Amino acid sequence: MASSKRILVTGGAGFLGSHLCERLLGEGNEVLCVDNFFTGTKANIAHLLDNPYFEFMRHDVTFPLYVEVDEIFNLACPASPIHYQYDPVQTTKTSVHGAINMLGLAKRVKATIFQASTSEVYGDPTVHPQPESYRGNVNPIGVRACYDEGKRCAETLFFDYHRQHKLKIKVARIFNTYGPRMHLNDGRVVSNFIVQALKNEPITIYGKGSQTRSFCYVSDLIEAIVRVMATPPGFTGPINIGSSVEFTIRELALAVIRLTGSKSKLVQRKLPADDPLQRQPDIALAKRMLKWKPTVRLEEGLKHTIAYFDQVLSTRRPEASLARRINGGR
Ligand code: NAD
Ligand code: UDP
């Protein structure tokens, strides 16, 4: 077995972070999870709290952090448009000041540092699918800019720390990922549609629903992140991680209705400003470098995610449980 490391996961109580903490603990590491609970929850990490190798620290990464670790996964940042647009100034601070603080920490303790960057660095892309060499089409003054430009600036900082201070960095550009432990009110499309379908409420299609996304299931994403961190020291990325199977938003809605057996109808809502029309990663580099490709098909991933939300909703409203309906009320 590889030797145990002391690993910091920022944003560790969030959707991806909590799965990552679990995975790293499973590999025999010590995990320090740092989170300010802006979008993360105690429930996401409750099952880890009794593990003697797990430690939680409530902390905002826009403030300096003094700890001793071997590796850092920097995931702290709200990822859903409604959450990152709620306090856009804080979103930029989290990406930029958070990166400066975590890079400073990595420099002091000589830790390798991973950055959870995003497909949003490509903005509304004019090149399709998006390779890492594409420089993007971001509106710097739009409502998504606090996230997109914050993440772009974080990438800049990572590469300058690498060039200037010889820091070992790994930058991954994550594309739409979904799965259990997304927040019930996350606002992102997969969780919205599933929760609406389970409640038999209207499914809100923004615009015509012809815009596309490629959805990666969380287990595939975590596998890729761990492999990115394990690449040779000279490899920095950026590297795209995500699914290359593209769906329209309308197709996603119909799949969710079919898999939940919901009575929900589709309703159209205004398309948010700067909403990218199409998105699909070119994952040739990930396939070559990580010997990785997504393995969980959308239908399978949706079933797991539906089961999760059904359970979350049923603990709030027992009568609404899909499982109960399927099992004839038992
Ligand atoms: P999430 O909102 O569930 O998790 C983010 C976590 O960061 C939360 O626990 C939140 O409380 C914490 N956080 C926010 N600001 C903080 C701060 N200032 N200090 C400390 N903690 C803070 O979102 P997620 O989907 O798990 O995303 C995790 C990371 O992956 C983010 O950096 C996001 O930008 C990136 N990412 C995710 C996706 C995706 O589809 N899930 C896609 C691209 C990039
Ligand atoms: N979307 C939608 N209905 C919803 C939530 C989102 O039609 O209830 C659309 C949104 O406009 C976007 C796509 O789904 O085109 C993906 O949105 P999400 O917020 O999940 O992530 P994004 O990729 O835009 O960051």
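All of these numbers come straight from a predicted model, not from anything done at the bench.
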Pairs involving residues 167-186, ordered by first then second residue, that meet salt bridge (Lys or Arg N to Asp or Glu O under 4.0 Å) (sequence neighbours left out):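 Sorted result for residues 167-186: Glu22-Arg181, Glu155-Arg173, Asp186-Arg188.
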Parallel, tilted or perpendicular: rings of Phe175 and Tyr122 (30°, 60°):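 Tilted, since the angle between the ring planes falls between 30° and 60°.
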Mutual orientation of the aromatic rings belonging to His19 and Phe15 [parallel < 30°, tilted 30-60°, perpendicular > 60°]: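 If you compare the ring of His19 with that of Phe15, the planes turn out perpendicular.
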With Thr212, the side chain to side chain donor-acceptor pair (under 3.5 Å) member among Glu246, His128, Gln278: Glu246
Is [Y] paired with [X] through a side-chain N to carboxylate O contact shorter than 4.0 Å?
{"X": "Glu149", "Y": "Arg144", "answer": "no"}
{"X": "Lys265", "Y": "Glu201", "answer": "no"}
{"X": "Glu120", "Y": "Arg152", "answer": "no"}

We want to know whether [X] and [Y] form a side-chain donor-acceptor pair, criterion being a heavy-atom distance below 3.5 angstrom.
{"X": "Asn29", "Y": "Ser4", "answer": "no"}
{"X": "Gln196", "Y": "Thr204", "answer": "yes"}
{"X": "Asn139", "Y": "Asp274", "answer": "yes"}

Exam field: side chain Gln280 to backbone Pro129, donor-acceptor pair closer than 3.5 Å: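 Answer holds: no.
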Heavy atoms from other residues, nucleotides or ligands near CD of Gln311 exceed 12 (cutoff 6.0 Å):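 No, because the 6.0 Å sphere around CD of Gln311 holds 12 heavy atoms or fewer from other groups.
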Heavy atoms from other residues, nucleotides or ligands near CZ of Arg258 exceed 12 (cutoff 6.0 Å):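 Check passes, neighbour count above 12.
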Centroid-centroid under 6.0 Å between Phe193 and Phe309 rings: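 Between Phe309 and Phe193, which both carry aromatic rings, the centre distance is not below 6.0 Å.
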is_close_aromatic(His304, Tyr217), centroid dist under 6.0 Å: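 Between His304 and Tyr217, the centre distance is under 6.0 Å.
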Could you check if a side-chain atom of [X] sits within less than 4.5 angstrom of a side-chain atom of [Y], using non-hydrogen atoms only?
{"X": "Met57", "Y": "Leu32", "value": "yes"}
{"X": "Asp70", "Y": "Lys110", "value": "no"}
{"X": "Val127", "Y": "Asn137", "value": "no"}

Minimal non-hydrogen separation, Val218 against Gly179, with atom names: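 Scanning both residues completely, I find the closest heavy atoms to be CG1-CA, 4.2 Å.
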Derivation and outcome, salt bridge (charged side-chain N to carboxylate O under 4.0 Å, His left out), residues Arg213 and Asp275: CA-CA 11 Å; Arg213 295 293 187 273; Asp275 197 285; 3.1 Å; yes
